[in-house]
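In what follows, a single structure is set out as structure tokens and then discussed.
Because the structure is predicted, anything quoted here is derived from the model rather than measured. Values reported hereafter were calculated over all heavy atoms of this structure, with side chains retained and with hydrogens, waters and symmetry mates removed.
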Amino acid sequence: MAYTTAEIIEKLGALKIVPVIALDDAEDILPLAATLAENGLPVVEITFRSAAAEEAIRLLRQTNPDILIAAGTVLTPDQVVRAKNAGADCIVTPGFNPNIVRLCQELNIPITPGVNNPMAIEGALELGVSAVKFFPAEASGGVKMIKALLGPYQQLQIMPTGGINVNNIRDYLAIPNVVACGGSWFVEKSLIANKHWDEIGRLVREVLALVR
């Protein structure tokens with residue numbers, strides 16, 4: 001099924017956290033996603049930082065129609081098309097590229113572009129996008145910066161990613177406009193490569209207990 005941006009925001013708002021995943025082996029997505037879902041987190045952001053991303057999205061979509069799949073670190077029109085064809089529900093970009101936003105709108109796939117300053121925010125709003133990723137969150141001023149930006153831009157729905165961990169995630173989620181946070185510490189590459197599914201499950205339960 002095709003989700004609208006509003007439906008995705010609603011889902012993410014209930015979950016509070018999005019696992020940001022970089023895979024070397026596409027097959028690993030199946031036990032990983034099963035572990036996440038079993039422990040209360042039926043969502044993944046599979047990043048195009050690795051060549052395995054497209055195949056991982058395709059495998060997961062074929063086997064698990066209910067999980068919410070975001071394609072992350074999308075930088076080119078080609079990646080947008082590949083992610084959509086593989087079955088991604090939405091696109092997440094690290095920065096604001098108006099051409100990528102327009103392409104996603106033409107293809108009718110929701111996009112959450114990355115912003116960290118007023119210029120990028122105004123560019124996004126100009127194209128009708130108010131659900132944005134704040135990236136890189138900690139390096140861009142973190143909670144203080146988001147609160148400052150929300151002065152003039154109160155309509156934003158924000159998903160901070162970058163430098164978020166157990167020590168600061170609640171500070172971000174305490175901001176009313178923050179929908180959910182992206183995090184990777186509980187789905188680190190080494191944990192996935194070594195197939196430490198039980199440890200990932202434990203970390204997921206830990207973070208969900210913290211944020212809910």
Side-chain angles (χ1 to χ4, degrees), residues 1-94 100 103-104 107-114 131 133 135 159 161 164 179-205 207-208:
M1 66 173 286
Y3 292 107
T4 64
T5 299
E7 287 167 338
I8 289 170
I9 292 293
E10 190 180 345
K11 274 181 173 283
L12 296 183
L15 296 170
K16 302 286 185 212
I17 184 153
V18 179
V20 180
I21 298 160
L23 293 162
D24 288 325
D25 181 354
E27 299 276 344
D28 283 337
I29 195 61
L30 298 179
L32 174 59
T35 299
L36 292 168
E38 283 161 13
N39 288 285
L41 205 52
V43 58
V44 293
E45 179 182 321
I46 300 172
T47 66
F48 270 78
R49 290 181 184 192
S50 83
E54 181 184 1
E55 181 58 20
I57 292 169
R58 184 172 286 111
L59 275 174
L60 186 56
R61 178 49 73 224
Q62 287 167 352
T63 55
N64 196 327
D66 298 326
I67 203 156
L68 183 64
I69 305 175
T73 322
V74 172
L75 302 176
T76 66
D78 175 61
Q79 288 174 336
V80 171
V81 172
R82 283 162 50 206
K84 184 176 194 293
N85 290 344
D89 293 304
C90 60
I91 301 293
V92 182
T93 59
I100 296 289
L103 175 61
C104 289
L107 294 174
N108 202 26
I109 184 167
I111 177 168
T112 306
K133 168 177 173 166
F135 178 82
M159 281 159 279
T161 305
I164 292 173
V179 176
C181 293
S184 56
W185 76 91
F186 55 97
V187 285
E188 274 182 7
K189 250 187 166 180
S190 59
L191 288 172
I192 296 168
N194 292 309
K195 308 194 187 321
H196 288 163
W197 312 126
D198 288 347
E199 175 63 4
I200 290 171
R202 185 189 71 76
L203 291 168
V204 169
R205 291 193 300 278
V207 69
L208 288 179

Heavy-atom nearest pair, Ala88 first then Ala71, reads CB-CB, 4.0 Å
Can you name the residues that form a side-chain contact (heavy atoms from CB on, under 4.5 Å) with Pro77, not counting sequence neighbours? Ile100, Leu103
What is the minimum heavy-atom distance between Ile192 and Ala22, and which atoms define it? CD1-O, 4.3 Å
Looking at side-chain heavy atoms only, is the closest gap between Leu75 and Pro94 below 4.5 Å? yes
Non-neighbouring partners of Glu199 that pass salt bridge (Lys or Arg N to Asp or Glu O under 4.0 Å), sequence neighbours left out: Arg202
Pairwise side-chain hydrogen bond (donor to acceptor under 3.5 Å, both in side chains) hits with a residue in residues 82-92, at least two apart: Glu54-Arg82, Arg61-Asp89, Asp78-Arg82
Closest approach of Lys133 and Thr93, non-hydrogen atoms and distance? CD-O, 3.7 Å
Considering residues at least two apart in sequence or located in another chain, which fulfil the side-chain contact (heavy atoms from CB on, under 4.5 Å) criterion with Ala53? Ile46, Phe48
Which atoms form the tightest heavy-atom contact between Asn64 and Ile67, and what is the distance? OD1-N, 3.3 Å
Set of side-chain contact (heavy atoms from CB on, under 4.5 Å) partners for Asp198, sequence neighbours left out: none
More than 12 heavy atoms of other residues, nucleotides or ligands under 6.0 Å from CG of Asn108: yes or no? no
Might you point out which heavy atoms bring Phe186 and Leu203 nearest each other, and give the distance in Å? CB-CB, 3.6 Å
Quick one: which residue pairs count as a side-chain hydrogen bond (donor to acceptor under 3.5 Å, both in side chains) with a foot in residues 18-32, not counting sequence neighbours? Asp24-Lys189, Asp28-Lys195
Can you name the residues that form a side-chain contact (heavy atoms from CB on, under 4.5 Å) with Ala70, not counting sequence neighbours? Glu45, Cys90, Val92
Compile the donor-acceptor pairs under 3.5 Å between side chains in residues 7-20 and protein atoms, sequence neighbours left out, one pair per line.
unit_1, atom_1, unit_2, atom_2, d
Glu7, OE1, Thr4, N, 2.9
Glu7, OE1, Thr4, OG1, 3.4
Lys16, NZ, Gly13, O, 3.1

